Amino acid sequence: MKKKSAKEVYTLADLQAWRDVDPPIRVGVFGDPVEHSLSPQMQNAALQHCQIDRQYARFQISPEELPESIELIRKLEFVGVNLTIPHKIAALGLVDIADENAKRIGAINVIKVEGGKLRGFNTDGRGFARAIREEFSVDLRDMRVMLLGAGGGARAIALQCAKENSERLVIGNRSFEKAQHLADQLRDFFSGPRVLGPVPRLQAIPLEEAAIRFQIANVDLIVNATPLGLNSGDASPIPARLLAPHLMVYDTIYSAERTPFVAAAIEAGARATNGLSMLLHQGALAFEIWFQREAPLDVMRRAIL
Ligand code: NAP
């Protein structure tokens, strides 16, 4: 007989000795950490609403476990999975085919299993653009953006800003050379002479106070795509004293309504929001890839609010 209720978090050991529940789990999210993920409640609401007899679950998968875990979803005939921190870049090398957008980003957040083949996609960039439009009523085209991070999520956001012709893009990362490398890959998009004034349109900076302070007057939107704020006790990636009222602040983290970054921005008089809207839109686009039908956006939104 099938077990009725799903676990809060599954592991590689569960995938190796898979036992179905009802409805069967055939979609999920691989991450490390993953217990914070709100994707199950959002995707399960959509599955129920669309009367699809499948369930979505969290999987705590370490980087060393990722190759075997991905092979197992092929064998178990999953519909697909999401990838979250820290798997987006490594997973690209583990799929059979990736779409052009994902290859250009160098990271995937969605795998679809189709006819025994693993296909990789990236919905973070488009999800981010929709979230910014919804939260601040602006298009990335008009924005001078400072992006914190150069990992899987950040790479998708950076390419989206480039494709939408953002006025400026400043990439700040703890490992400066990764910020520099990402900027180099986007150089062609920013070759036009759009910005007036002394600052370059595309720039990599170290994640240091002096470098950040120098940029603040010449950016409109700051995006946190580092995990700073995911754990309680984390500091804001930029302290309130460096922020200013003209800024829009978007924290891709959504573990708390007021992440440390959102709290610092509000203290500085800026407009700020957490990453729930990006979660929603990247998730709706993933649902559409997996199930080839329109995602019930309002149902998904209600499930995470
Ligand atoms: P990732 O590929 O592992 O990249 C992590 C990035 O954060 C790297 O640039 C890393 O810098 C930097 N970083 C890690 N720890 C740091 C620290 N203690 N201080 C400063 N920088 C640090 O992860 P990811 O998949 O891009 O995810 C990053 C965050 O974005 C996660 O919290 C995730 O939840 C969030 N996200 C949210 C959404 C959404 O839908 N709302 C979508 C995508 C991502 P180094 O290069 O120096 O290691």
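Remember, it's 1-based here, ligands and their atoms both numbered in the order they're listed. None of these values were measured; they are calculated from a predicted model.
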Provide, to 0.1 Å, the distance between atom 28 (C) of ligand 1 and the closest protein heavy atom, together with that atom's residue and name. A225 O, 3.4 Å
So which protein heavy atom does atom 31 (C) of ligand 1 come closest to, and at what separation? I85 CD1, 4.0 Å
Under 4.0 Å to a heavy atom of Q282 - the qualifying atoms of ligand 1, by number: 40 (O)
For atom 42 (C) of ligand 1, find the nearest protein heavy atom and state the residue, atom name and distance (0.1 Å precision). M278 CE, 3.4 Å
Please confirm whether the backbone N or O of L279 pairs with a side-chain atom of Q282, one donor and one acceptor, at under 3.5 Å? yes
Could you tell me the residue and atom name of the protein heavy atom closest to atom 43 (C) of ligand 1, and the distance to it rounded to 0.1 Å? K88 NZ, 3.0 Å
My question is simple, although I want it checked carefully: is atom 33 (C) of ligand 1 less than 4.0 angstrom from any protein heavy atom? no
Salt-bridge criterion met for E114 and R119 (N-O under 4.0 Å): yes
Are any of the side-chain nitrogens in R74 or D96 under 4.0 Å away from the carboxylate oxygens of its partner? yes
Any sub-3.5 Å donor-acceptor pair from N274's side-chain atoms to D251's backbone N or O? no
Tell me whether the centres of the aromatic rings in W18 and Y10 are closer together than 6.0 Å. yes
From I70 CD1 over to I61 CD1, what is the distance, rounded to the nearest 0.5 angstrom? 9.0 Å
For atom 22 (C) of ligand 1, the option (of R174, H181, K178, E177) bearing the nearest heavy atom: R174
Just jot down the ligand 1 atoms closer than 4.0 angstrom to any heavy atom of P86, in number order. 3 (O)
Can any side-chain N or O of R174 pair as donor or acceptor with the backbone N or O of P206 at less than 3.5 Å? no
Heavy atom of the protein closest to atom 20 (C) of ligand 1 (residue, atom name, distance): L228 CD1, 3.7 Å
Between R58 and E8, is a salt bridge (Lys or Arg N to Asp or Glu O under 4.0 Å) present by the stated rule, with each step listed? CA-CA 7 Å; R58 293 180 191 87; E8 277 297 306; 3.4 Å; yes
Would you say T252 has any N or O atom under 3.5 Å from an N or O of ligand 1, going by distance alone? yes
At what distance, to the nearest 0.5 angstrom, does CZ of F128 lie from OG1 of T252? 9.0 Å
Does A270 offer a backbone N or O that forms a donor-acceptor pair with the side chain of H246 under 3.5 Å? no
Heavy-atom contacts with I253 under 4.0 Å: which atoms of ligand 1 show up? List them by number with element. 32 (O)
Calculate, to the nearest 0.5 Å, the distance between atoms CG and CZ belonging to N165 and R141 respectively. 8.5 Å
Protein heavy-atom partner closest to atom 14 (C) of ligand 1 - residue, atom, separation in Å: P227 CD, 3.3 Å
Without hydrogens or angle criteria, can the side chains of R168 and Q215 be said to hold a donor-acceptor pair below 3.5 Å? yes
Polar contact flag for G152 and ligand 1 (N/O pairs, less than 3.5 Å): yes
Could you measure the distance from the CZ atom of R271 to the OG1 atom of T273? Nearest 0.5 Å is fine. 10.0 Å
Go through ligand 1 atom by atom and flag the ones less than 4.0 Å from a non-hydrogen atom of G149. 9 (O)
Closest candidate by heavy atom, reference atom 29 (C) of ligand 1, pool L207, T226, D124: T226
Write out the residue and atom name of the closest protein heavy atom to atom 45 (P) of ligand 1, then the distance separating them to 0.1 Å. S175 OG, 3.3 Å
Under 3.5 Å: N/O of L279 near N/O of ligand 1: yes
What about G275: any of its N or O atoms under 3.5 Å from an N or O on ligand 1? yes
I want to know if ligand 1 touches A150 in the polar sense, i.e. an N/O pair below 3.5 angstrom. yes
May I ask you to decide whether R241 forms a salt bridge with E267, counting only side-chain N to carboxylate O separations under 4.0 Å? no
Under 3.5 Å, N or O to N or O, is N173 touching ligand 1 that way? yes
Looking only at distances, can you tell me whether any N or O atom of G153, backbone or side chain, sits closer than 3.5 Å to an N or O atom of ligand 1? yes
With heavy atoms and a 4.0 Å threshold, my read on which part of F128 contacts ligand 1 is neither
closest protein heavy atom to atom 4 (O) of ligand 1 is G151 CA, 3.3 Å
